[in-house]
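Everything quoted here is computed from the prediction, not taken from an experiment.
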Amino acid sequence: MEWLNKVAKHHKEYIKYVHKMGDTSHAEDLVQECYLRLVQYDCGHKVIREDGTVNKTYIWRVLSNLFKSYKITNTIITRNCLLCTLVQL
């Protein structure tokens, strides 16, 4: 998967992007999850343009969606844990 190597060359940029969204502790995990999703859904043709450059807009969108999903899931888990704690009291 040569296309994935091209995508990974910009790894530090992706980490910075996730940091700017507000998550410094899970940035690496989210970027790795992004790579996994790209491979899982065979997105090489969407990520690499005809001229051979990386379509960073597509990567940003995937990272943004992963970040939003993570925040929603994390919020739901936190609320459920709080609710369970209150019920036990």
Does Q32 offer a backbone N or O that forms a donor-acceptor pair with the side chain of Y14 under 3.5 Å?
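Pair absent, no side-chain N/O of Y14 close to backbone of Q32.
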Mind checking side chain to side chain contact (heavy atoms under 4.5 Å, CB included) for H19 and listing every partner two or more places apart, or none if nothing turns up?
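Per chain and number, H19 pairs via side chain to side chain contact (heavy atoms under 4.5 Å, CB included) with I15, T24, A27.
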Which residues satisfy the side chain to side chain contact (heavy atoms under 4.5 Å, CB included) test with H26, sequence neighbours excluded?
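With sequence neighbours excluded, H26 shows a side chain to side chain contact (heavy atoms under 4.5 Å, CB included) to D23, D29, Y70, given in chain and number order.
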My understanding is that only residues two or more places apart in sequence, or in another chain, count here; which of them pass ring pair (Phe, Tyr, Trp, His ring centres under 6.0 Å) with Y17?
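Once residues adjacent in sequence are excluded, the partners of Y17 under the ring pair (Phe, Tyr, Trp, His ring centres under 6.0 Å) criterion are W60.
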Please identify each residue that fulfils side chain to side chain contact (heavy atoms under 4.5 Å, CB included) with R37, with sequence neighbours left out.
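Only E33, Q40, Y41, L66 meet the side chain to side chain contact (heavy atoms under 4.5 Å, CB included) criterion with R37.
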Mind listing the closest non-hydrogen atom pair of L63 and V18 along with its distance?
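Residues L63 and V18, closest heavy atoms: CD2-CG2, 4.1 Å.
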Once side chain to side chain contact (heavy atoms under 4.5 Å, CB included) is applied, do any residues pair with N55, and if so which ones, sequence neighbours excluded?
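N55: side chain to side chain contact (heavy atoms under 4.5 Å, CB included) contacts with R49, T57, Y58.
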List the residues meeting salt bridge (charged side-chain N to carboxylate O under 4.0 Å, His left out) with E28, not counting sequence neighbours, and say none if there are none.
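In terms of salt bridge (charged side-chain N to carboxylate O under 4.0 Å, His left out), with neighbours along the sequence ignored, E28 is linked to no residue.
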Atom pair CD1 (I48) and CD (E2), whose distance is rounded to the nearest 0.5 Å:
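Here the interatomic distance stands at 9.0 Å.
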Test side-chain contact (heavy atoms from CB on, under 4.5 Å) on I59 and V7; report intermediate values, then the result.
CA-CA 9 Å; I59 303 293; V7 171; 3.8 Å; yes
Pick out which of K16, H11, H10 makes a side-chain hydrogen bond (donor to acceptor under 3.5 Å, both in side chains) with E13.
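Output: one option passes, namely H10.
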